[in-house]
Amino acid sequence: MMALHLLSMVLALIIDQLIGDPRWLPHPVRGFGKLISVMDRVLNRGRWKKLKGSIMLFILLSITLVLTFIIVRFAYSINLVLGVFIESMFISTTIAARGLKEAGLSVLVPLKRGDVQEARKKLSWIVGRDTEHLPPAEIVRGAVETVAENTSDGITAPLFFAFIGGAPLALVYRAVNTCDSMVGYKNERYKDFGWASARFDDVLNYVPARLTALLMAAGWLGKKRLTISWLKEQAKNHPSPNSGWSEAAVAGVLGIRLGGTNYYKGQVSYRPYIGRPIYSLKAIHIERTIAIMQRTVMWFTIVLIAAGGMYIVAAQSWS
């Protein structure tokens, strides 16, 4: 099955580049969102909210794993080509390389032509912070942080789990990620109910986030004082135990500083800085972050293919 997972994974990347996530195509994440919303309304009340949030996560992951496994196995039982196609389509729904590039460009294009208002508007579509009064440098920071952070969450992490367990595990990862994005907040409503979703998301992203950061910085490690220990130190400045790694890698490679003050519905939120401000933030840094993302995805895929090839050879020699 490893060879089929690898083939499906590569085809999924190609599918994502060709069609992205068109609205006319049914998408599992929309299904996850509806189911999470229903269980949120039903379960997120009264006592034992941590337990109820854990039950919600278990139900969602069980349904996702069982349904995907049955559909993929049934497709393979009919025809090998059909099985690979169905698995590739499923995996493509878990990755967002094209969407992430387009999100970054949607901010970059108006910013380069001097339309700051339009750039603020487009940034508001991809971040949760207030954008109405952001100067150009802060618009750039928001876009760079979004592309850097989501390189792992939205592309390499689902590829990592597709490598391990094909479409079923990739979709389980995406279900956990969706749960975390919807209920994994530390506010009064979700601090207990979303606890399990947030913790499990942290666990699943632990390895992919660090592998992604190392590949992002691979060509620069040892240069510009960019070392693994520096990445680890800078990553701690992010509130997430995982997202700071890719932001630190991008900041170190580009010689920029991320983090700082954000506003959410008028409320100030300060995050420690990540990186060194060797260069001032400019529109070109969005373009360079997208390039880092694309290069990282390419090398991440190559590493997985190489690891899969070694596994296949070793398995054949043992048999």
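All values derive from a computational prediction rather than experimental measurement.
Between Ala148 and Val250 the shortest heavy-atom distance is CB-CG2, 3.7 Å. Considering all non-hydrogen atoms of both residues, Leu6 and Gly309 come closest at CD1-N, 4.3 Å. Listed here is the closest heavy atom pair of Pro136 and Val116: CG-CG2, 4.1 Å. The minimum heavy-atom distance between Ser88 and Ile15, with the atom names listed, is CB-CD1, 3.9 Å. When all heavy atoms of Ala167 and Val72 are compared, the pair lying nearest together is CB-CG2, 4.2 Å. Closest approach of Pro168 to Leu65, counting heavy atoms only: CB-CD1, 3.8 Å.
The distance from atom CG of Leu169 to atom CD1 of Ile164, rounded to the nearest 0.5 Å, is 6.5 Å. Ser8 OG to Leu13 CG: the interatomic distance, rounded to the nearest 0.5 Å, is 11.5 Å. We find the CG-CG distance between Leu108 and Leu123 to be 12.0 Å, quoted to the nearest 0.5 Å. Between Tyr279 atom OH and Ile284 atom CD1 the span is 13.0 Å, to the nearest 0.5 Å. Taken from OG in Ser197 to CG in Leu57, the straight-line distance is 4.5 Å, to the nearest 0.5 Å. Taken from OG1 in Thr94 to CZ in Phe161, the straight-line distance is 11.0 Å, to the nearest 0.5 Å.
Looking only at distances, a side-chain donor or acceptor of Lys52 sits under 3.5 Å from a matching main-chain atom of Arg45. Without hydrogens or angle criteria, Ser243 side chain to Ser240 main chain gives no donor-acceptor distance under 3.5 Å. Checking side-chain atoms of Ser106 against main-chain N and O of Ala103 turns up a donor-acceptor pair under 3.5 Å. With Asp16 contributing its side chain and Ala12 its backbone, the two residues share no donor-acceptor pair below 3.5 Å. Put simply, the side chain of Arg120 gets close to the backbone of Leu134: a donor and an acceptor are under 3.5 Å apart.
Under a cut-off of 6.0 angstrom, the local environment of CZ in Phe74 is sparse, with at most 12 non-hydrogen atoms contributed by other residues, nucleotides or ligands. More than 12 heavy atoms of other shown residues, nucleotides or ligands fall within 6.0 angstrom of atom OH in Tyr190. Residue-environment remark: CD1 (Ile228) stays at or below the threshold of 12 foreign heavy atoms within 6.0 Å. In Tyr206, the OH atom is not crowded: 12 or fewer heavy atoms of neighbouring residues, nucleotides or ligands sit closer than 6.0 Å.
Hydrophobic clustering of Ile, Leu, Val, Met, Phe, Trp and Tyr side chains at less than 4.5 Å, counting indirect connections, keeps Val144 apart from Val109. Note on Phe300: it clusters hydrophobically with Val207, by side-chain heavy-atom contacts below 4.5 Å among ILVMFWY residues. Following chains of ILVMFWY side-chain contacts shorter than 4.5 Å, one can reach Ile63 starting from Ile55, so the two form part of one hydrophobic cluster. Under the 4.5 Å side-chain heavy-atom criterion for ILVMFWY residues, no single connected hydrophobic cluster contains both Leu4 and Phe69. Phe58 is not connected to Val183 by any chain of hydrophobic side-chain contacts under 4.5 Å among Ile, Leu, Val, Met, Phe, Trp and Tyr, and they are in different clusters.
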>> Walk me through whether Met9 and Leu304 qualify under side chain to side chain contact (heavy atoms under 4.5 Å, CB included).
In response: CA-CA 10 Å; Met9 187 182 69; Leu304 293 182; 3.7 Å; yes
>> Between Ile139 and Val107, does the side chain to side chain contact (heavy atoms under 4.5 Å, CB included) criterion hold? Intermediate values first, please.
In response: CA-CA 8 Å; Ile139 296 172; Val107 178; 3.5 Å; yes
>> With side chain to side chain contact (heavy atoms under 4.5 Å, CB included) as the criterion, how do Phe200 and Leu61 come out once you've worked through the C-alpha distance, each side chain's angles and the decisive distance to 0.1 Å?
In response: CA-CA 11 Å; Phe200 199 33; Leu61 299 191; 3.5 Å; yes
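Applying the salt bridge (Lys or Arg N to Asp or Glu O under 4.0 Å) criterion to Lys232, with sequence neighbours excluded, gives no partner residue. Annotation: salt bridge (Lys or Arg N to Asp or Glu O under 4.0 Å) contacts of Arg199 (sequence neighbours excluded): Asp202. Partners of Glu118 by side-chain hydrogen bond (donor to acceptor under 3.5 Å, both in side chains), not counting sequence neighbours, listed by chain and number: Lys122. Residues meeting the side-chain hydrogen bond (donor to acceptor under 3.5 Å, both in side chains) test with Arg189, sequence neighbours left out: Asp40. Shown here are the salt bridge (Lys or Arg N to Asp or Glu O under 4.0 Å) partners of Lys49, two or more places apart in sequence or in another chain: there are none. Under the side-chain hydrogen bond (donor to acceptor under 3.5 Å, both in side chains) criterion, Glu102 pairs with Arg98, sequence neighbours left out. Contacts of Glu247 classified as salt bridge (Lys or Arg N to Asp or Glu O under 4.0 Å), with partners at least two apart in sequence or in another chain: Arg271. For Asn205, the side-chain hydrogen bond (donor to acceptor under 3.5 Å, both in side chains) test picks out Tyr173, Asp201, with sequence neighbours left out.
Contact check for Ile36 versus Thr178: side-chain heavy atoms found under the 4.5 Å cut-off. Under the 4.5 Å side-chain criterion, counting only non-hydrogen atoms from C-beta, Leu18 is in contact with Ile14. Under the 4.5 Å side-chain criterion, counting only non-hydrogen atoms from C-beta, Arg257 is not in contact with Ile274. For the pair Phe163/His5, no side-chain contact is recorded, criterion being any heavy-atom separation below 4.5 Å from C-beta on. In this structure, Tyr273 and Gln234 have side chains that are not in contact, with every pair of non-hydrogen atoms separated by 4.5 Å or more. With contacts defined as side-chain heavy-atom distances shorter than 4.5 Å, the pair Arg276/Trp230 qualifies. Side-chain contact between Lys121 and Thr131: absent, with no pair of heavy atoms (C-beta onward) separated by less than 4.5 Å. Side-chain contact between Leu254 and Ile292 is present, with heavy atoms from C-beta onward closer than 4.5 Å.
Contacts classified as salt bridge (charged side-chain N to carboxylate O under 4.0 Å, His left out) and involving residues 123-143 (residues at least two apart or in different chains) are given here: Arg129-Glu145, Glu138-Arg141, Arg141-Glu145. Sorted by first and then second residue, the side chain to side chain donor-acceptor pair (under 3.5 Å) pairs involving residues 280-309 (not counting sequence neighbours) form an empty list. Each side chain to side chain donor-acceptor pair (under 3.5 Å) pair with one or both residues in residues 54-82, not counting sequence neighbours, appears once here: Tyr76-Glu87.
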Less than 3.5 Å apart, which donor and acceptor atoms pair up between the side chains of residues 151-160 and the rest of the protein, not counting sequence neighbours?
residue : atom : partner : partner atom : Å
Thr151  : OG1  : Val147  : O            : 2.7
Thr156  : OG1  : Thr151  : O            : 3.3
Thr156  : OG1  : Thr212  : OG1          : 2.6

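For the residue pair Glu149 / Ser246, no side-chain donor-acceptor distance below 3.5 Å is found, with atom types taken as modelled.
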